[in-house]
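Below is one structure, written out as C-alpha cells; comments come after it.
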Amino acid sequence: MVGQKNEKINQLRRLVPEGLLVDTAWLEKHGYRRQWREKYVAQGWLEGVVRGVYQRPTGNVDQAIAWQRVIISLQRLLGKSVHVGGRSALELQGLTHYLRFSGKPEIHLYAYGSLPGWVERIPTDAQFVEHKADKLFDADAPGRTRLAWGHWGGSFMSPRRSEHFASFSTCSHPGRRSIKRTF
C-alpha cells in the first residue's frame with residue numbers, strides 16, 4: 001500500500017508541474033479516485049482552485065492564477081485545441097500600438113470544440129473571451145506559432161491569422177477601428 005501511495009504521488013509530480021491545472025476528469029483518467037484527491041488536498045499535494053479543478057501548490061500567496069497557466073494546462077495536459085488569437089495574440093507579439101492603463105486584460109481564446117465550464121470560474125489575472133474557431137478555419141489550417149512562457153510554450157495564432165480573427169470577431173465592436181489602423 002505504501003509503495004502504491006508513493007508511486008501515485010511521484011506520478012502526480014511527474015505529470016502535473018507546479019501551478020498547472022487539472023480537472024476531475026483528468027485525475028480520474030489517470031487513476032486518482034475521489035478518496036485519493038481528498039487525501040492529497042488534505043496533505044497539501046494538491047490545491048482545490050474551483051470545484052472540480054486542482055493544481056499542484058506553487059508557494060505563491062497571490063490568489064489570482066496567471067492566465068498563461070490556464071492556457072498551457074488546457075493545451076498540454078487536457079489536450080484541448082484552444083489558442084490565444086485575435087487582438088490578444090497581436091498584443092503578445094508586440095504588434096499593437098496602445099497601452100492598457102487599467103482593468104484586467106481581455107484574452108481572446110479561439111477553441112475548436114467547447115472549453116470546460118470551469119475556465120470562466122478560475123480566478124485569473126485576465127478576462128477570457130471565448131470564440132468558436134471552427135466557424136472560421138479548420139483545426140489543422142496553418143497559421144499558428146509558439147511563444148515561450150518561462151520553460152513552457154503556448155500556441156498562438158500567427159499575426160496574419162490573428163488579424164483575420166480579430167476583424168471577424170469585432171465587426172460591430174469599437175475595437176475594429178483600432179485593428180484596422182494596426183494593419
Side-chain angles (χ1 to χ4, degrees), residues 1-89 91-94 100-131 133 144-157:
M1 180 70 176
V2 172
Q4 182 184 12
K5 175 184 166 188
N6 289 338
E7 181 182 320
K8 289 301 243 181
I9 290 173
N10 289 336
Q11 177 186 6
L12 183 69
R13 292 178 68 195
R14 227 180 17 260
L15 295 176
V16 183
E18 288 182 4
L20 295 190
L21 307 167
V22 291
D23 58 14
T24 303
W26 186 94
L27 289 165
E28 288 281 339
K29 178 181 170 187
H30 288 85
Y32 296 94
R33 298 183 311 269
R34 183 175 51 86
Q35 297 86 349
W36 288 86
R37 292 191 307 267
E38 290 173 358
K39 188 173 185 176
Y40 289 171
V41 169
Q43 293 178 348
W45 289 99
L46 284 176
E47 291 177 338
V49 179
V50 294
R51 185 176 180 178
V53 180
Y54 302 89
Q55 71 175 355
R56 282 208 27 237
T58 62
N60 187 358
V61 295
D62 189 11
Q63 294 298 323
I65 295 171
W67 65 265
Q68 294 92 335
R69 290 183 180 178
V70 176
I71 305 305
I72 292 168
S73 299
L74 288 168
Q75 291 176 346
R76 297 282 183 105
L77 297 177
L78 303 178
K80 299 293 183 185
S81 183
V82 58
H83 309 284
V84 175
R87 181 171 193 88
S88 302
E91 289 173 356
L92 290 168
Q93 295 174 65
R100 180 182 314 280
F101 289 109
S102 65
K104 287 183 172 184
E106 283 187 347
I107 304 299
H108 293 267
L109 301 179
Y110 292 84
Y112 294 93
S114 296
L115 291 178
W118 54 261
V119 170
E120 60 190 39
R121 295 191 325 260
I122 296 285
T124 64
D125 55 358
Q127 178 67 40
F128 293 124
V129 180
E130 183 181 352
H131 303 277
R144 287 193 211 101
T145 188
R146 299 196 59 77
L147 290 178
W149 289 322
H151 60 278
W152 289 97
S155 179
F156 291 82
M157 290 182 186

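Any value given below was found using the heavy atoms of this structure, including those in side chains, with hydrogens, waters and symmetry copies removed.
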Atom [atom1] of [X] and atom [atom2] of [Y]: how far apart are they, to the nearest 0.5 Å?
X      : Y      : atom1 : atom2 : value
Glu120 : Leu109 : CD    : CG    : 11.5 Å
His83  : Ile71  : NE2   : CD1   : 10.5 Å
Leu74  : Leu20  : CG    : CG    : 10.5 Å
Arg37  : Glu28  : CZ    : CD    : 4.5 Å
Arg76  : Leu21  : CZ    : CG    : 14.5 Å
Thr124 : Gln68  : OG1   : CD    : 9.5 Å

Do [X] and [Y] have side chains that get closer than 4.5 Å, going by heavy atoms?
X      : Y     : answer
Pro123 : Val50 : yes
Gln55  : Ile65 : yes
Phe128 : Val70 : yes

Where do Tyr54 and Tyr40 land on the side chain to side chain contact (heavy atoms under 4.5 Å, CB included) test, with the steps shown first?
-> CA-CA 10 Å; Tyr54 302 89; Tyr40 289 171; over 6 Å; no
Taking the six-membered ring for Trp, are His131 and His108 parallel (under 30°), tilted (30 to 60°) or perpendicular (over 60°)?
->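 Rings of His131 and His108: parallel, under 30°.
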Donor-acceptor check, side chain of [X] to backbone of [Y], threshold 3.5 angstrom: yes or no?
X      : Y     : result
Lys8   : Gly31 : yes
Trp26  : Leu77 : yes
Asp125 : Trp67 : yes
Arg56  : Leu12 : no
Thr58  : Glu18 : no

Which heavy-atom pair separates [X] from [Y] by the least distance, and what is that distance?
X      : Y      : result
Pro57  : Gly44  : CG-O, 3.1 Å
Arg69  : Gly19  : CD-O, 3.3 Å
Val129 : Glu106 : CG2-CD, 4.0 Å

In this structure, are over 12 heavy atoms from other groups packed under 6.0 Å from Arg13 atom CZ?
->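 Atom CZ in Arg13 is not packed in, count stays at 12 or less.
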